[in-house]
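Reckoned from all heavy atoms, side chains included, excluding hydrogens, waters and symmetry mates.
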Amino acid sequence: MSTRFLGRRSELEVIAAAAEAVHTSVAPRFVLIEGPPGVGKTSLLNEAVSRLPGWSRSNVYLDPSDREIPGYAATHLLRKPQRYRAPCDVEELAALVQEQADAITEPVVLVIEDMQWVDPLSSDVIYQTIREIEDIPMLSMVTARATQHPEMHRLIRFTETAGEALRIVLEPFTRSEVRELLQEHTGLPISSNVAARVHDVTGGFPAFLDHVIDRLTRLDDMVTAEALQAALRELERGEGPAEAQRLLIRQVFEEASESVQQMLALLALARYPLSVHEMSTLLGVESLDVEALRNSNLVQEEMISGRFSLKYKVFERCLVADLGRDLRVDLQMRLSRVEAGSASARHRAEALLMDPGVEMPADTVEALVDAARTASRSGDTAQALELSRLAFEVDRSGSTLECLTFAAMRAGTKIDVDATVSWAQSHEVHPVLRRGLLGRESLIRGDLEATLGFLAGGVDIEAATPKALLCYADTVLQASRTSGLRGSYWHLLHIAARTVQALLQLEDQIQAEDPSVRTRIATPEQLLAETRGLRVSLQLWQSLEGIEDVQPQSFSRDVQKLLDEVRMVPGTESAQMALLVARGAVLRTAGHPSEAYADLTTAIENWPGRNRRSLAQAEVHMTYLLFEAGLWTEAQIIAEAAASEVLDVSEDNLAPLAFNAVHLVPAARGHRETQSWSFDLRAHVGRVSDTSLGRAGRGYVDAWAATADQDHEKVISSILGMQVEFSIWSRAATSAVLLGRALLHSGRSQALPGLITKVRADEHTSAAHRDYVLRHLRGLAALGAGKHAAAHEHLIAAMSAITAVPGLKSAHIPGDGGALSIYRGLLALDLGHCVIQGLDTLQDKAEETAEWVLWAASMFQGCGAEGLFHQADELFRTLRKSTTGQGARERPRLVDLPEGLSSKARFALTALTTREREIALMVGQSLTNKDVAEELVLSVRTVEYHVANALGKLGLDSRHALRRMLQVEEEDDLRSA
């Protein structure tokens with residue numbers, strides 16, 4: 001069992017400051033640490049003391065029985081020989097304790113734990129001692145649960161009035177603190193949704209949170225949503241630290257009077273806060289000791305209504321677990337008569353499960369099914385699932401199992417297979433439903449072959465009930481997703497096709513208002529939404545299976561037809577999102593970045609909470625789009641958002657995608673090992689790298705890291721390794737550019753013709769995308785063969801092709817490479833190499849090429865790609881030297897930059913158009929708008945327009961700021977930019 005200390009940094013700092021005051025001023029300090037049972041008071045105290053090397057420690061531990069021994073706590077402040085003859089008089093005992101305290105000369109920590117159990121005599125002595133000691137290097141630290149005992153009130157007042165005393169009140173961690181602690185101790189990025197789920201179950205109590213962290217950091221387990229769910233289920237079942245927490249709560253419970261115990265039991269079982277009148281009526285008494293209830297410190301009272309409830313759900317679970325069977329049955333039945341609707345049905349069901357004789361099961365099941373139907377029809381799928389689960393537990397029948405499975409499907413979760421699968425195997429259950437259940441159970445275990453066996457049975461799925469068919473189809477869809485990502489979907493083709501036909505038939509029946517397909521748990525509209533959503537999702541996977549033989553644009557049209565179908569039916573947003581993400585992924589790898597960006601943006605912005613699996617997948621693909629467009633900061637934000645969803649999505653294939661994506665930008669920036677995160681994914685990346693998706697994703701990340709480091713051998717091995725895996729990256733033609741550059745620079749240009757042939761045969765990639773890649777590779781091949789003029793011609797043609805690529809966003813400057821800005825930067829570097837190597841014949845190209853390299857340097861610097869920036873820097877300086885002493889060649893609309901202009905100014909000016917840059921330089925020479933207009937034969941208004949545009953693009957607020965930026969400096973390279 002882990003015993004790590006979590007959080008509490010500010011509290012530790014307060015205690016450390018008190019200890020420092022004791023050490024420096026030789027004056028005592030007193031610290032009272034209060035909080036509910038299990039909140040971590042002792043852990044905080046021990047952690048604080050462990051950080052005080054050289055201090056001695058004196059301890060007094062109290063429990064409930066010590067209250068009955070007068071002077072117990074006070075006498076344990078004395079040395080052992082003195083304890084046996086300690087007086088029972090307050091003044092005498094206090095004097096003895098004071099005498100011992102006065103003898104202290106070295107720093108000491110006095111620890112008194114669970115002060116709420118102190119006896120009155122000891123309380124008087126301790127209070128008097130703490131208040132009166134002076135000039136002693138002692139830090140007194142007391143822990144206590146919040147209590148109304150007068151013995152504690154004096155100490156609390158002392159902390160409020162005395163300058164040498166302080167009070168620390170601990171509360172369970174908040175949701176934001178839970179998120180921070182999970183990130184810190186697991187190394188995983190955590191979404192707010194995951195943090196909320198963990199907080200709901202753990203209550204923010206440190207030991208419970210530590211249990212979750214322990215389960216997520218076991219090196220032999222894969223990081224999945226199932227690992228998190230297993231940890232949360234253990235806590236809900238009372239395992240792990242829950243048993244220790246139960247003992248603490250039981251101690252408080254047993255200390256209370258019998259009437260308070262009954263009130264606490266009622267509050268633990270009630271679904272809603274109860275008023276004093278309701279508790280009085282339920283317990284059959286005229287009056288209640290409400291003050292004693294408050295003093296238990298397990299409850300909270302609503303300020304406006306005056307209703308009571310238990311303070312934390314953790315307390316509720318602990319109390320319920322310790323209630324006697326007869327008492328619990330009695331109180332559940334009483335509550336069922338006071339509370340209404342689903343709450344009443346729940347109480348009756350829970351009482352019936354403990355005592356089958358309290359009422360007829362059929363009536364309770366009927367009430368639960370009715371409540372589940374109401375919840376389902378109102379869209380509360382979680383409530384419908386819980387009520388259906390109770391109905392199945394009360395009456396395990398084929399019909400209740402059908403309702404439970406259908407409710408689980410609608411809620412987007414799986415039922416407790418341990419409680420249902422074995423029963424379904426041996427009892428009367430519709431064969432289609434049974435096969436769906438057994439197939440899902442096998443899929444959860446990772447046995448895809450067994451799943452296929454169950455789904456491929458010869459049952460007549462067309463004759464199944466709507467709920468049974470939909471549950472079966474949902475299992476087929478989950479199997480399709482799993483096998484599709486593993487590259488083995490063809491095994492499911494026949495099963496999926498048969499299921500699609502059955503769903504189409506069911507759709508026709510629903511739309512024809514066929515009474516044979518009506519179901520109480522869902523409206524016809526909801527049933528149609530579920531049916532069509534499943535059907536088009538299965539058809540999507542059928543289309544994806546044949547994607548190698550289908551043009552992307554044809555696939556896009558097929559998806560649009562499916563989208564048009566589901567958009568006509570409300571409630572199909574999850575299916576719409578899956579369709580958009582799938583199309584966006586295909587279009588991205590096929591070289592249609594703008595269209596892909598539109599689909600992925602729609603999915604991310606419109607339905608973020610509808611389908612979290614699709615959301616995370618959309619964010620992964622968006623990361624790569626933004627990366628290639630040079631928007632690296634945005635790409636990193638999106639990647640971290642995707643990685644933070646891993647623990648919230650029951651999809652094992654997501655982890656390698658997201659964990660590798662979050663490393664892409666840091667790797668390309670050269671910060672992979674030093675990235676400052678609130679989490680550290682390196683260990684987890686290793687744990688998912690054995691999958692095909694994991695190896696492919698890591699290969700892409702490694703290739704970009706090696707490109708930035710000019711490690712050409714690593715680029716080659718990474719790209720080739722990536723391409724042998726089935727992945728979303730291997731089909732993107734742009735990766736061939738990374739491979740081609742590495743082949744050239746590692747002296748293997750003879751391999752480039754083969755690579756060109758392979759790209760030319762790729763019919764999947766868009767013509768424009770493939771044209772750019774082929775021209776770039778042909779330029780590299782010619783460069784490797786020493787044909788510099790031909791290489792320059794091919795690379796210039798590639799530059800024209802890539803410059804025409806539109807941007808992903810309107811903010812993109814036209815003509816900067818748009819969605820392929822990063823590859824345009826690499827192309828500029830290759831042009832620089834070409835001109836430098838062929839300078840004898842390409843001297844007249846050096847100036848133009850230097851400007852392209854300058855643009856690339858500016859773009860790389862904006863991305864934070866230090867390695868690529870320095871490569872551009874070296875090329876720029878070499879090209880500058882090659883043009884020194886040469887006459888400036890006249891080129892239309894091109895303005896030469898002053899020799900001594902700073903790198904910072906050069907980079908800034910690349911954001912301007914040629915005319916804007918020309919006018920900005922003239923303004924930098926202190927010319928007025930009128931002077932510039934006369935020089936360029938323009939109107940003053942036109943000049944004013946260009947000046948305003950230039951200032952806006954440069955982020956400057958005045959002409960003076962522009963002149964200051966353009967001051968000439970003695971600098972001949974880019975490194976100080």
Side-chain angles (χ1 to χ4, degrees), residues 1-8 33-44 114 116 143-147 169-182 185 194-216 228-256 260-261 263-274 293-302 307-323 328 331 346 350 386:
M1 181 65 187
S2 172
T3 56
R4 66 173 61 81
F5 178 78
L6 300 176
R8 310 298 191 195
I33 304 175
E34 277 191 298
V39 80
K41 300 182 292 296
T42 298
S43 296
L44 172 62
D114 285 325
Q116 72 274 3
T143 67
R145 299 172 192 166
T147 176
V169 179
L170 296 185
E171 295 289 348
F173 295 120
T174 64
R175 285 187 179 184
S176 61
E177 289 171 330
V178 165
R179 184 181 185 183
E180 291 172 4
L181 290 168
L182 285 172
H185 291 277
V194 170
R197 286 178 56 206
V198 174
H199 185 270
D200 286 346
V201 175
T202 66
F205 281 78
F208 286 63
L209 183 58
D210 183 52
H211 178 76
V212 174
I213 291 170
D214 183 58
R215 284 298 302 263
L216 293 177
L228 173 63
Q229 193 59 40
L232 298 181
R233 283 198 300 265
E234 288 168 354
L235 293 174
E236 290 177 326
R237 289 196 300 260
E239 300 173 10
E243 180 61 30
Q245 184 71 31
R246 278 177 61 187
L247 294 176
L248 292 174
I249 300 302
R250 183 190 303 167
Q251 195 177 58
V252 179
F253 182 77
E254 292 175 348
E255 184 195 9
V260 171
Q261 289 181 2
M263 287 187 282
L264 289 172
L266 267 178
L267 295 174
L269 294 169
R271 307 298 300 184
Y272 308 104
L274 298 176
L293 178 65
R294 294 189 183 101
N295 290 347
S296 71
N297 289 293
L298 296 180
V299 301
Q300 59 186 2
E301 184 178 5
E302 295 179 359
R307 290 176 172 269
F308 286 88
S309 61
L310 288 184
K311 191 174 291 186
Y312 306 108
K313 285 186 179 180
V314 168
F315 291 177
E316 178 184 307
R317 291 201 299 268
C318 290
L319 282 174
V320 170
D322 275 335
L323 291 179
R328 184 174 172 185
L331 294 179
R346 284 171 183 269
E350 288 166 359
E386 178 60 19

Nearest 0.5 Å, what's the [atom1]-[atom2] distance between [X] and [Y]?
X: Asp200; Y: Arg175; atom1: CG; atom2: CZ; value: 5.0 Å
X: Ser309; Y: Glu302; atom1: OG; atom2: CD; value: 6.0 Å
X: Leu235; Y: Arg237; atom1: CG; atom2: CZ; value: 9.5 Å
X: Glu255; Y: Gln116; atom1: CD; atom2: CD; value: 8.0 Å
X: Arg294; Y: Gln300; atom1: CZ; atom2: CD; value: 13.0 Å
X: Thr42; Y: Asp114; atom1: OG1; atom2: CG; value: 6.5 Å

Side-chain heavy atoms of [X] within contact of [Y], under 4.5 Å:
X: Phe253; Y: Leu319; answer: yes
X: Val252; Y: Pro37; answer: yes
X: Arg4; Y: Asp214; answer: yes
X: Leu248; Y: Gln245; answer: yes
X: Phe205; Y: Phe315; answer: yes
X: Val212; Y: Val201; answer: no
X: Phe5; Y: Leu44; answer: yes
X: Ile249; Y: Arg317; answer: no

Quick one: closest heavy-atom pair of [X] and [Y], and the distance?
X: Leu181; Y: Gly7; value: CD2-N, 3.5 Å
X: Thr202; Y: Val314; value: O-CG2, 3.4 Å
X: Pro36; Y: Lys41; value: O-NZ, 3.1 Å
X: Lys311; Y: Asn297; value: NZ-O, 3.8 Å
X: Glu34; Y: Arg145; value: OE2-O, 4.2 Å
X: Ala265; Y: Leu331; value: CB-CD1, 3.6 Å

Applying side-chain contact (heavy atoms from CB on, under 4.5 Å) to Arg197 and Leu228, what does each step give before you reach the verdict?
CA-CA 10 Å; Arg197 286 178 56 206; Leu228 173 63; 4.0 Å; yes
Could you go through the side-chain contact (heavy atoms from CB on, under 4.5 Å) check for Leu170 and Arg8 one step at a time?
CA-CA 9 Å; Leu170 296 185; Arg8 310 298 191 195; 4.2 Å; yes
Ring-face cation of Arg179 near Phe173 (centre distance under 6.0 Å, axis angle within 45°):
no
Pro273 backbone acceptor or donor facing Arg307 side chain under 3.5 Å:
yes
Does a salt bridge link Glu243 with Arg246, judged by any charged N lying under 4.0 Å from a carboxylate O?
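Here Glu243 pairs with Arg246 in a salt bridge, since their nearest N and O are under 4.0 Å apart.
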